[in-house]
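Labels below follow one simple rule: chain letters A, B, ... track the order of the sequence lines, proteins then strands, and each chain is numbered from 1.
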Amino acid sequence: MGLYTIVWEYFPKETQEGPSMAEEVFSQRTTTCGALTKADNGRHVVLNGWVHRDRNHGALHFINLRDRYGITQVVVDDDASAELQAVANELHLEYCIAVTGFVRLRPDSMVNPEMSTGEIEVKAESIEILSKCAPLPFQIDDGKETREDLRLKYRYLDLRSQGMQQRLRLRHEFILSCRNFLASRGFLEIETPTLIKSTPEGARDFLVPSRVYPGKFYALPQSPQLLKQILMVGGMDKYFQIARCYRDEDARGDRQLEFTQLDLEMSFVKRDDVLSLMEELFNHVFKDVMDYELPVHFRRLSYHDALNTYGCDKPDLRFDVPLSDVNDLAEQSTFSTFKEIVAKGGFVKALCAPRTEGVDFSRKYITELEEAAKIYGAQGLAWIKVGADRSLSGGVSKFFTGLEEALLKRVDAKEGDLILFVAHESWKKCCASLSAVRTKLGKDLHLIRKGFEFCWIIDFPLFEYNEDEGHWEAAHHMFSMPQAEYLDTLESDPGSVKGDLYDLVLNGYEVASGSIRIHDVELQKRIFRICNFEDQEAEERFGFLLNAFRYGPPPHGGIAPGVDRMVMIMSEQTSIHEVIAFPKNTAAVSPMDDSPSQVDQKQLDELHLIINYPKPKD
RNA sequence: GAGGGUGUAGCGAAGCUGGUUAUCGCGACGGCCUGUCACGCCGUAGAUCGCGGGUUCGAGUCCCGUCACUCUCGCCA
């Protein structure tokens, strides 16, 4: 960047056009491959870039020269010197070259309306090969899917593709727009350390051994949670940070070991202040970056309603297909499986798959849907077809005699639709399995609308019971404020306590999570105790936070949108690898540099580490 | 930790109920070509069919094991 700035300043525009100067003194780039138009006709230019296409007609030679800014057609004419012809014949794809020449208009019939530079071409006077390129391990941007591990191994080549260039640009613009907005609202960007104290907050920590203190470790932050709260105690009032976070858990398409959050925290705010700020932020950013108008306010759903209506706490609202409670109808039916589950206090829920052109609700397809439900714990998927004149047929229809109209009305079914049921003793598993069916239907029946559908999920439970460990733990994290009406019943009925918690959901992905925080020592200790941290242990692990809270902490709260996921969704991708320059694969390996790798014994010795290798499997 | 999918030339794919010389496109290499823009035309090389074992007269194809990648469950406040 600095280099080009210097060149521009050194050579004001008028002198750039003098061929002798540019040619003799500087073969430095004078313009980029996306900049030239017919207004530049006659200009003398130096372009740098890569050979994107090479069309050799013998005496006439076309080269598409590409850089980050675009593509310009370079022509080596039949009147070119023998020397220039020789260099042109030597070119191959992805050679890095410098082209000196004149901008000229293309003949009218040769204008390419597909290219922004399609009205002009550069007649080459000389071409310098800056560096050659070995035969490519895969073709860049040829429209075909290359195996991802190969793309990641040669990421530097993959990054040259138009898609990666556009997505990393979008990511830059997204972050820049967020920064600008937050700065304009008085937020300070403050960096917090990435070597911090390990605190058991949920995910497994990445640990960094201390050389100076044998047996002691730093942890990489899972989020700057406690540090940003302490910044609030420090009177910083409004803070944000583009924060790298680390979690040593198995990766997925939308989860990396390390990821980036737009972490922010505000003092003297209530929940709705945070929600409003985020709505304004994303309205600003989507308009700024994509010219996309979001609604001023996002829909809000309680956690309970989200599960009950869509079966999950991150519903994709780009299509409808709501879930209905049918316990009462199941009870009146003659289907013993349903009746038994209802009798045990379980749940029966149903949804209606709309008749869709080109999709046959065959037994085979219903089995596919059933498989999707079973992954989330359903024992089976019951079904009924709605025929002409609204008659019910197939599946469990015979058990619903006399209940036909009530059922049709409940799930809002029409002719040709398919009604699907899941029954389970657990409400969550019932919801989750039918939600999986809903999600599959959304894709298969092409129900998903274009666009961006945000919604808030609020009123989450503060605690969840951990069956394995035998105690309550924080559903979100231990620093979230219980809603005021539950303050007296925290200990007596943790399961019913709702927190001042909020998630932001976009197109079926959780894209941000936050809460109003606790800022009272005694309340914080009560939460620790409920989560099985006795005072002494809490003091050891979180003493620095509790100490800070003894010195006039302000009420505060915040949220942390995931940058990778946001940019992934904005660029219509389904993997965050597509918006990260150098991602790791699902096996936690970076195929390009082959990390993680072994280290020298000397390094281990300095860190006082002995490796206890796992025994090989028999 | 568990389940599904994939693995055939440098890349992307085809290869049927097992059958003898494993096919196509792109790329590479050589040649021709004055208006292309995914240029075109002619030719050449390039594959232990992920790896190991088994069944069989015969395995890319069937079976078992294993590895890699990938999706999902668990896990991820």
Side-chain angles (χ1 to χ4, degrees), chain A residues 52-66 71-80 85 89 92-94 106-115 117-118 121 123 133-154 157-158 199-205 222-223 225 245-257 259 368 371-372 374-377 429 432-433 436 439-440 460-464 466 468 473-480 499 501 503 510 513-515 527 531 560 562 574-575 577 585-587 589 591 617:
Chain A
H52 185 67
R53 293 277 190 278
D54 183 21
R55 295 181 294 280
N56 187 348
H57 292 243
L60 185 65
H61 203 138
F62 298 98
I63 297 147
N64 279 3
L65 190 65
R66 185 199 70 238
I71 292 175
T72 296
Q73 174 163 286
V74 174
V75 187
V76 178
D77 262 335
D78 57 339
D79 63 357
Q85 299 263 13
N89 283 327
H92 287 285
L93 294 185
E94 299 304 318
R106 295 193 192 189
D108 280 348
S109 59
M110 301 304 159
V111 165
N112 186 344
E114 306 288 311
M115 293 173 77
T117 59
E121 60 194 9
K123 177 181 159 67
C133 179
L136 295 167
F138 60 90
Q139 280 145 271
I140 297 171
D141 223 346
D142 62 356
K144 286 182 178 163
E145 292 274 307
T146 305
R147 288 178 70 95
E148 204 201 14
D149 49 336
L150 201 66
R151 289 176 57 202
L152 294 184
K153 183 172 178 184
Y154 299 95
L157 293 176
D158 191 43
T199 55
E201 287 174 55
R204 199 175 287 119
D205 276 332
Q222 297 179 30
S223 94
Q225 181 61 35
C245 306
Y246 304 85
R247 290 173 194 175
D248 188 6
E249 298 290 348
D250 288 353
R252 286 282 172 79
D254 62 350
R255 271 168 21 198
Q256 283 266 299
L257 303 181
F259 57 99
E368 276 181 41
E371 294 303 316
K374 281 182 172 175
I375 291 169
Y376 290 84
K429 285 188 174 169
S433 342
T439 302
K440 184 169 166 55
F460 281 85
L462 196 62
F463 301 106
E464 274 173 359
N466 184 328
D468 299 333
E473 53 188 33
H476 186 69
H477 59 50
M478 292 187 289
F479 314 102
S480 296
L501 288 157
D503 275 6
E510 179 198 317
S513 192
S515 64
I527 301 289
C531 296
T574 54
S575 165
H577 301 184
N585 66 17
T586 51
V589 168
K617 282 181 283 185

- line: As its Watson-Crick or G-U partner within any shown strand, both distances under 3.5 Å, B:rC41 has B:rG31
- request: Report yes if a side-chain nitrogen or oxygen of A:R252 is closer than 4.0 Å to either non-bridging phosphate oxygen (OP1 or OP2) of B:rC73; otherwise report no.
  value: yes
field: C1'-based separation of B:rG27 from B:rA47 [nearest Å]
entry: 16 Å
- prompt: Base, sugar-phosphate, or nothing: which does A:G253 touch, judged by heavy atoms less than 4.0 Å apart?
  reply: sugar-phosphate
Minimum-distance nucleotide (side-chain atoms of A:T586 versus B:rU70, B:rG35, B:rC75): B:rU70
- request: State, with a plain yes or no, whether a side-chain heavy atom of A:I140 is found less than 4.5 Å away from one of A:H52.
  value: no
- prompt: P atom, B:rC24 versus B:rC37: distance in rounded Å?
  reply: 25 Å
query: Hey, does A:E114 reach any base, or is it just sugar-phosphate, or nothing, if we go heavy atoms under 4.0 Å?
result: nothing
message: What is the distance, to the nearest angstrom, from the CZ atom on A:R247 to the C1' atom on B:rC76?
response: 7 Å
message: Measuring only between side-chain heavy atoms, which start at C-beta, is A:I527 closer than 4.5 Å to A:L462?
response: yes
statement: From the candidates B:rC11, B:rC73, B:rC39, the one with an atom nearest any side-chain atom of A:T146 is B:rC11
- prompt: Which one is paired to B:rC57, where only Watson-Crick or G-U wobble pairs with both distances under 3.5 angstrom count?
  reply: B:rG19
- prompt: Is A:K429 atom NZ crowded by more than 12 heavy atoms from other residues, nucleotides or ligands, each under 6.0 Å away?
  reply: no
task: Given side-chain contact (heavy atoms from CB on, under 4.5 Å), test A:Q73 with A:R55 step by step and report yes or no.
output: CA-CA 10 Å; A:Q73 174 163 286; A:R55 295 181 294 280; 3.0 Å; yes
query: For A:H92 and B:rC29, is the shortest distance between a side-chain N/O and OP1 or OP2 below 4.0 Å?
result: yes
Restricting both atoms to N or O, compile the protein contacts to nucleotides 40-46 of chain B shorter than 3.5 Å, with distance only.
none

message: Let's see if you can work this out: which of B:rC75, B:rG35, B:rU72 has an atom nearest to the side-chain heavy atoms of A:Y376?
response: B:rU72
field: Value in whole Å for how far the C1' atom of B:rU36 lies from CE of A:M115
entry: 11 Å
- request: With P as the reference atom in both, quote the distance from B:rG31 to B:rA13 in angstrom, rounded to an integer.
  value: 32 Å
query: How far apart are the closest heavy atoms of A:M115 and A:I71, and which atoms are they?
result: CE-O, 3.5 Å
Atom P, compared across B:rG74 and B:rG50: separation rounded to whole Å: 33 Å
field: Shortest side-chain distance from A:I375, nucleotide among B:rC73, B:rG35, B:rU70
entry: B:rC73
task: Would you mind reporting whether A:F138 and A:D158 have side-chain heavy atoms less than 4.5 Å apart?
output: yes
message: Could you check whether any side-chain heavy atom of A:R53 comes within less than 4.5 Å of a side-chain heavy atom of A:R66, counting everything from C-beta outward?
response: no
- line: Checking B:rC39, B:rG35, B:rC11 against the side chain of A:R55 (C-beta onward), the nearest is B:rC39
- prompt: Starting at CD of A:E368 and ending at P of B:rG4, how long is that distance when rounded to a whole Å?
  reply: 16 Å
- request: Name the residue closer to the 5' end of RNA chain B, choosing between A:A475 and A:E121 according to the nucleotide with the nearest heavy atom.
  value: A:E121
field: Whole-Å P distance, B:rA22 and B:rG46
entry: 13 Å
query: Which residue lies toward the 5' end of RNA chain B, A:A587 or A:D250, if each is placed at its nearest nucleotide?
result: A:A587
query: To the nearest Å, how far apart are A:N64 CG and B:rG35 P?
result: 17 Å
- prompt: For the side chain of A:R151 and the base of B:rC69, is some donor closer than 3.5 Å to an acceptor across the two?
  reply: no
Spacing of the C1' atoms in B:rC71 and B:rG18 (rounded, Å): 31 Å
message: Using only modelled atom types and a 3.5 angstrom limit, is any donor from either the side chain of A:N585 or the base of B:rC69 paired with an acceptor on the other?
response: no
- prompt: Can you tell me how far P in B:rA2 sits from the matching atom in B:rG65, rounded to whole Å?
  reply: 13 Å
query: Paired with B:rA47: which nucleotide, if any, by Watson-Crick or G-U wobble criteria at under 3.5 Å for both distances?
result: none
- prompt: What do you reckon, do A:H57 and the base of B:rC39 stack, with centroid distance below 5.5 Å and planes below 30°?
  reply: yes
Beyond-backbone contact of A:K123 with A:D77, side-chain heavy atoms, under 4.5 angstrom: yes
Pair assignment for B:rC69, Watson-Crick or G-U wobble, requiring both distances under 3.5 Å: B:rG5
field: Nucleotide B:rA38, atom C1' - distance to CD1 of A:I140 in whole Å
entry: 15 Å
task: Give the rounded distance in Å between these two atoms: NZ of A:K440 and C1' of B:rG4.
output: 13 Å
field: For A:D149, the option from A:K153, A:R147, A:R151 that meets salt bridge (charged side-chain N to carboxylate O under 4.0 Å, His left out)
entry: A:R147
When you compare the protein's N or O atoms with those of nucleotides 8-10 of chain B, which come within less than 3.5 Å of each other, and at what distance?
residue	atom	partner	partner atom	Å
B:rG10	O2'	A:P137	O	2.7
B:rG10	N2	A:Q139	OE1	3.1

task: Send over the distance from A:D149 CG to B:rU70 C1', rounded to a whole Å.
output: 9 Å
- prompt: Looking only at N and O atoms, is any donor in the side chain of A:E371 or the base of B:rG3 less than 3.5 Å from an acceptor on the other one?
  reply: no
query: On a plain distance test, is the side chain of A:R53 in donor-acceptor contact with the base of B:rC37 below 3.5 Å?
result: no
B:rG10 pairs with, by Watson-Crick or G-U criteria that keep both distances under 3.5 Å: B:rC26
task: Using atom CD1 of A:I63 as one end and atom C1' of B:rC39 as the other, report the distance to the nearest whole Å.
output: 14 Å
task: Apply the test side-chain contact (heavy atoms from CB on, under 4.5 Å) to residues A:Q85 and A:H61: give CA-CA distance (whole Å), side-chain angles for both, the deciding distance (0.1 Å), then the verdict.
output: CA-CA 9 Å; A:Q85 299 263 13; A:H61 203 138; 5.8 Å; no
- prompt: Heavy-atom distance under 4.5 Å between the side chains of A:E121 and A:M110, does that happen here?
  reply: no
- prompt: Using a cut-off of 4.0 Å on non-hydrogen atoms, how would the nucleic acid contact of A:R204 be classed: base, sugar-phosphate, or nothing?
  reply: nothing
message: Give me the atom names and distance for the closest heavy-atom approach of A:S515 to A:S480.
response: OG-OG, 2.8 Å
Separation between the C1' atoms of B:rG25 and B:rA9, rounded to whole Å: 13 Å
message: Counting neighbours of CG on A:D79 that are heavy atoms of other residues, nucleotides or ligands and sit closer than 6.0 Å, is the number greater than 12?
response: yes
